[in-house]
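Being a predicted model, the structure only gives us computed values, none of them experimental. In what follows, chains are A, B, ... by sequence order, proteins preceding strands, each numbered from 1.
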There are 2 protein chains.
Amino acid sequence: MTDSDTHHPIFDLSADIARTLGHAHRLVLLNHIAEGEKAVERLTDLTGLGVANTSQHLQHLKRAGLVQTRRDGKRVLYRLAAGPIEMVLAALRSLAEHNNAQLRELVEGGAANTAARLENISREELIRRMNEDSIVLLDVRPADEFATGRLPRAINIPVEELELRLAELPRDKLVVAYCRGVRCVLSADALAILRAHGWVARRFEQGFPDWLDAGLDVEDGHYNSG
Amino acid sequence: MTDSDTHHPIFDLSADIARTLGHAHRLVLLNHIAEGEKAVERLTDLTGLGVANTSQHLQHLKRAGLVQTRRDGKRVLYRLAAGPIEMVLAALRSLAEHNNAQLRELVEGGAANTAARLENISREELIRRMNEDSIVLLDVRPADEFATGRLPRAINIPVEELELRLAELPRDKLVVAYCRGVRCVLSADALAILRAHGWVARRFEQGFPDWLDAGLDVEDGHYNSG
DNA sequence: CAATCATTCAATCAATCTATTGAATGATGA
DNA sequence: TCATCATTCAATAGATTGATTGAATGATTG
């Protein structure tokens with residue numbers, strides 16, 4: 001009955017933050033910024049928004065304490081503020097993906113076994129199953145990125161072509177899709193497509209950059225799809 | 001450069017969810033619902049909102065896929081939907097608390113060592129340090145709740161009285177505040193107050209119910225503050 | 001079946017938010 | 001210092017959102 005139970009400032013603060021995240025443009029901006037400090041102009045290029053509009057959204061983000069700025073000559077560089085922001089973004093995306101998957105499930109009719117299929121696959125399990133040859137690795141990045149380096153024995157089908165080229169994927173193996181890393185949405189998209197067509201698919205969330213960082217085997221020159 | 005990089009549906013879905021969370025009333029409702037299925041009337045009582053208003057907010061939450069309903073006689077019961085909703089709420093609150101702490105830091109002048117002080121204390125560490133007597137356990141729930149049961153050797157100062165009764169707390173020990181559990185905001189509030197006055201404080205996030213569940217020692221009758 | 005109760009719907013007004021436009025600021029370099 | 005460039009500010013119009021009111025729905029009880 002104390003009103004601190006119902007009108008607690010933490011709810012107002014949380015709501016402020018959530019409202020700030022409640023606009024697709026700002027989420028896109030935030031995700032670009034999360035990949036590295038960027039100037040306003042660069043962000044307008046990346047998003048296709050007008051300059052003033054971008055600036056306005058950025059200041060909204062700044063007011064909410066999600067980004068910080070510094071000046072470098074004429075430019076103002078935006079970077080992510082400290083704190084568990086990425087955790088919030090990750091949780092939010094994960095929830096959105098979950099809800100989206102459930103939605104598709106309703107539409108598609110297949111009902112029971114989504115939870116398991118949604119899961120990410122850990123690097124350890126991925127390596128183990130690559131050695132067992134019990135999976136198909138699917139690289140859904142654009143062909144040019146694939147050409148510069150990829151996980152061993154990965155097949156490349158850019159996500160835009162995936163629906164048309166599904167026949168290239170075996171039905172009797174787990175498909176593990178990967179792309180540029182946790183903040184890249186291509187593999188999430190791929191999962192949705194695969195699921196919608198009855199494949200059993202999981203996702204290697206860390207993607208290619210992480211594989212690289214871990215110093216693991218990378219193919220770089222010749223295609224080796226056997 | 002593909003527009004799936006910038007106009008990806010996942011951002012719209014995430015934004016929808018975030019916008020839905022972007023109102024303090026809905027956050028309050030959601031937190032009440034997270035504690036257990038509740039009817040609309042009960043929620044109006046808990047929040048003090050009008051019935052129609054509450055219903056409207058609840059339907060907003062429902063549209064966004066955050067809650068689900070079932071009918072029980074005349075009543076409609078709202079419960080949390082499946083999925084990582086609680087994770088989002090936790091992350092959001094954690095970020096809000098972080099930002100709030102940083103804000104106060106700026107105001108108060110103390111600057112460097114917040115991160116450590118913000119951290120929750122695990123049950124293991126708590127038990128260890130209780131045995132070492134290297135902490136002071138602070139129960140910030142209302143006196144009546146404290147009277148019905150508490151952690152061993154806890155001191156009770158309801159959070160509303162905390163600022164006035166700070167003198168009762170030693171300066172030379174870590175203060176560990178707890179309340180009703182992860183969804184209870186009292187201890188978060190207490191931390192803010194303690195921090196603002198220079199105490200070194202942490203939080204036992206799981207709170208009293210979890211301690212109880214774990215079957216650990218509980219004091220129930222007599223005050224035992226030595 | 002009529003009365004009652006819990007919830008939802010519909011309509012309204014005020015408040016807030018977004019994109020756009022064009023002007024203003026602030027730093028740089030000739 | 002003047003011109004230029006990147007960014008921000010200010011003002012506007014259109015759209016969306018929130019609280020309130022009163023009526024409508026749907027299930028239960030007598």
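Looking only at atom types and distance, the side chain of B:S187 has a donor-acceptor partner in the side chain of B:R203 under 3.5 Å away. Side-chain contact annotation: A:H23 with B:R19, donor-acceptor N/O pair under 3.5 Å absent.
An OP1 or OP2 oxygen of C:dA19 is reached within less than 4.0 angstrom by a side-chain nitrogen or oxygen of A:H25. An OP1 or OP2 oxygen of C:dC17 is reached within less than 4.0 angstrom by no side-chain nitrogen or oxygen of A:H57. The side chain of B:H23 places no N or O atom within less than 4.0 Å of a non-bridging phosphate oxygen (OP1 or OP2) of C:dT16.
At least one test fails for A:R180 against the ring of A:F208: distance under 6.0 Å to the centre or angle within 45° of the axis.
Heavy atoms of A:G50 sit nowhere under 4.0 angstrom from any nucleic acid atom.
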I'd like a list of close polar pairs between nucleotides 2-12 of chain C and the protein, N/O only, cut-off under 3.5 Å.
| from | atom 1 | to | atom 2 | distance (Å) |
| --- | --- | --- | --- | --- |
| C:dC5 | O4' | B:K74 | NZ | 3.3 |
| C:dT7 | OP1 | B:V40 | N | 3.0 |
| C:dT7 | OP2 | B:E41 | N | 2.7 |
| C:dT8 | OP1 | B:Y78 | OH | 2.7 |
| C:dT8 | OP2 | B:S55 | OG | 2.8 |
| C:dT8 | OP2 | B:Y78 | OH | 3.4 |
| C:dT8 | O5' | B:Q59 | NE2 | 3.2 |
| C:dC9 | OP2 | B:Q59 | OE1 | 2.4 |
| C:dC9 | OP2 | B:Q59 | NE2 | 3.3 |

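Of the possible polar contacts, one joining the A:N156 side chain to the A:D139 backbone as a donor-acceptor pair under 3.5 Å is found.
B:E37 has a carboxylate O that lies under 4.0 Å from a charged side-chain N of B:R70, or vice versa, which qualifies the two as a salt bridge.
To the nearest 0.5 Å, the span separating CG on B:L30 from NE2 on B:H25 amounts to 14.0 Å. From B:N31, atom CG reaches atom CZ of B:R26 across 13.5 Å, with rounding to the nearest 0.5 Å.
Rounded to 10 degrees, the angle separating the terminal helix axes of the helix from C:dC1-D:dG30 to C:dA30-D:dT1, each built from five base pairs, is 20°.
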Considering only distance and modelled atom types, tabulate donor-acceptor pairs under 3.5 Å from the side chains of residues 72-85 of chain B, sequence neighbours left out.
| from | atom 1 | to | atom 2 | distance (Å) |
| --- | --- | --- | --- | --- |
| B:R79 | NH2 | B:Q68 | OE1 | 3.2 |

